[in-house]
Amino acid sequence: MAERVVLAYSGGLDTSVGIGWLKDATGKEVVALAIDVGQDGEDMDVVRQRALDCGAVESVVVDAKDEFANDYLMPALKANAKYQKQYPLVSALSRPLIAKYLAQTAQELGANSVAHGCTGKGNDQVRFEAAVTAIAPELTSIAPVRDLALTRDKAIVYAAEHNLPIEQSKKSPYSVDQNVWGRAVETGFLEDPWNAPIEDIYTYTKNPAEAGAPTEVIITFNQGIPVAIDGESVTPLQAVEIMNRLAGDQGVGRLDMVEDRLVGIKSREVYEAPGAIALIAAHEALEDLTVERDLARYKRGIEAKWSELVYDGLWFSGLKRALDVFIDESQKYVSGDVRLKLHAGTAVVTGRQSKQSLYDFELATYDTGDTFDQSLAKGFIDLWSLPSKIAARRDLAN
Ligand code: ARG
């Protein structure tokens with residue numbers, strides 16, 4: 001039997017042509033694997049059939065939307081995960097899930113390698129390969145676009161010559177990756193970081209300048225996970241989908257940044273992640289109410305580290321797993337309601353309540369009923385600043 005390779009298949013030009021290229025270059029039979037992570041594009045049956053029409057021996061489609069939301073997006077939400085304080089890790093979160101299915105499918109179907117359509121310049125190649133090797137160290141990874149230097153122009157010629165069923169009209173000047181957590185747009189005129197994004201590139205968000213009346217929404221969390229929206233129970237996936245719609249309609253979650261890629265390049269990235277940005281804002285507000293000071297302060301450093309590890313392709317690493325345990329422990333009391341006002345590009349928290357709230361009205365109030373003993377503050381400050389006082393005396397004497 002010929003050797004087999006499992007290709008992460010998107011249905012687009014590069015991976016469709018990649019099927020033939022892989023076969024020609026390696027002599028291996030190609031199994032196509034398409035993972036539905038809520039990219040919301042073509043019908044997955046069409047994608048599955050296209051892989052066969054392009055020469056795959058088998059074509060597998062997995063609906064992983066709920067798994068993606070439960071096991072990847074919810075940990076990210078609990079971590080308030082943003083790379084460089086902005087990017088909610090949209091693509092970085094889907095890669096380990098896709099890699100897991102690549103490895104699993106390879107093992108099930110007796111393939112000795114996997115393949116992906118990434119170029120050699122991005123983060124995604126690292127994420128796929130690092131995740132695959134962490135799950136199945138015996139597998140090798142092949143990247144036809146990178147390793148065989150297959151350009152887009154060559155792909156178009158190949159597709160035409162071989163009569164592959166790919167619409168040439170679908171040629172977008174941008175490189176786009178999207179899933180239910182958001183959408184990344186790069187290349188084209190955006191490569192000049194001075195060029196402002198144009199309205200055309202957005203599909204998850206409406207123009208915030210044309211937003212209608214504000215939308216108010218109440219999100220209920222249980223231990224860091226959204227469980228209801230406006231009183232209606234939701235699954236994690238539904239929570240993200242509903243918030244994508246509500247926040248997207250108000251133009252919330254557009255980002256424009258210059259990003260430090262793992263491979264050393266600075267790149268200009270435009271994102272839209274309405275649900276992610278709104279949910280993280282709500283989650284952070286509930287943490288402010290329910291997590292004690294020192295844990296909350298320490299967690300901010302953990303959040304940044306977690307985000308960097310995931311960005312850098314180390315989802316399946318010991319450090320990331322250990323940080324997950326810390327983060328889960330921190331979520332024990334993050335339960336309650338947050339009211340968000342979505343309007344014209346902003347998601348603003350206007351209220352929060354929790355049965356586990358640490359906010360004590362009687363301690364906080366400046367009105368009558370105050371139980372905070374202000375006379376204790378004086379002694380506290382004396383001792384708190386004592387080391388500085390002693391050091392200052394020394395500094396002045398020298
Ligand atoms: N720069 C982002 C990241 O590394 C987005 C990558 C998008 N991928 C793509 N093939 N367009 O996570």
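One-based numbering along the sequence shown. Quantities reported herein were computed from a predicted structural model and do not represent experimental measurements. Note that ligands are numbered from 1 as they come in the structure, with each ligand's atoms numbered from 1 the same way. The analysis underlying the following values was restricted to heavy atoms, covering all of them including side chains, and did not include hydrogens, waters or symmetry mates.
With a 4.0 Å cut-off on non-hydrogen atoms, Val90 does not touch ligand 1 at all. Counting heavy atoms under 4.0 Å from ligand 1, residue Arg127 touches it through the side chain alone.
The side-chain heavy atoms of Arg95 and Val126, taken from C-beta on, include no pair separated by under 4.5 Å. Counting only heavy atoms from C-beta outward, the side chains of Val263 and Gln125 approach each other to under 4.5 Å. Side chains of Ile219 and Leu279 form a contact here, defined as non-hydrogen atoms less than 4.5 Å apart.
For Arg127 and Tyr311, the positive end sits near the middle of the six-membered ring, less than 6.0 Å away and at most 45° from its axis.
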Please list every donor-acceptor pair under 3.5 Å in which a side-chain atom of residues 201-218 meets a protein atom from a residue at least two apart or in another chain.
{"from": "Thr203", "atom 1": "OG1", "to": "Arg183", "atom 2": "NE", "distance (Å)": "3.1"}
{"from": "Tyr204", "atom 1": "OH", "to": "Asn179", "atom 2": "O", "distance (Å)": "3.0"}
{"from": "Thr205", "atom 1": "OG1", "to": "Arg254", "atom 2": "NE", "distance (Å)": "2.8"}
{"from": "Thr205", "atom 1": "OG1", "to": "Glu272", "atom 2": "OE1", "distance (Å)": "2.5"}
{"from": "Lys206", "atom 1": "NZ", "to": "Asp249", "atom 2": "OD1", "distance (Å)": "3.4"}
{"from": "Asn207", "atom 1": "OD1", "to": "Ala209", "atom 2": "N", "distance (Å)": "2.9"}
{"from": "Thr215", "atom 1": "OG1", "to": "Gln250", "atom 2": "NE2", "distance (Å)": "3.1"}

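With hydrogens left out, the protein atom closest to atom 11 (N) of ligand 1 is Ser175 OG, 2.9 Å, a heavy atom. In terms of protein heavy-atom proximity, atom 4 (O) of ligand 1 is nearest to Asn123 ND2, 2.7 Å. Considering only non-hydrogen protein atoms, atom 1 (N) of ligand 1 sits nearest to Glu259 OE2, 2.9 Å. Atom 7 (C) of ligand 1 has Ser91 OG, 3.4 Å as its closest protein atom, hydrogens excluded (heavy atom only).
In terms of polar-atom proximity, Glu269 is counted as a contact of ligand 1, with an N or O under 3.5 Å from an N or O of the ligand.
Within the structure, every pair that satisfies the ring pair (Phe, Tyr, Trp, His ring centres under 6.0 Å) test and touches residues 284-305, not counting sequence neighbours, is listed here: Tyr298-Phe326.
Taking the six-membered ring for Trp and thresholds of 30 and 60 degrees, Tyr158 and Trp21 have ring planes inclined between 30 and 60 degrees apart.
Nearest to atom 12 (O) of ligand 1 by heavy atom, out of Tyr87, Tyr83, Tyr311, Tyr271, is Tyr87.
Near Asp124, with a cut-off below 4.0 Å to any heavy atom, the atoms of ligand 1 are 6 (C), 7 (C), 8 (N), 9 (C), 10 (N). Contact atoms of ligand 1 toward Asp177: 7 (C), 8 (N), 9 (C), 11 (N) (distance under 4.0 Å to a heavy atom of the residue).
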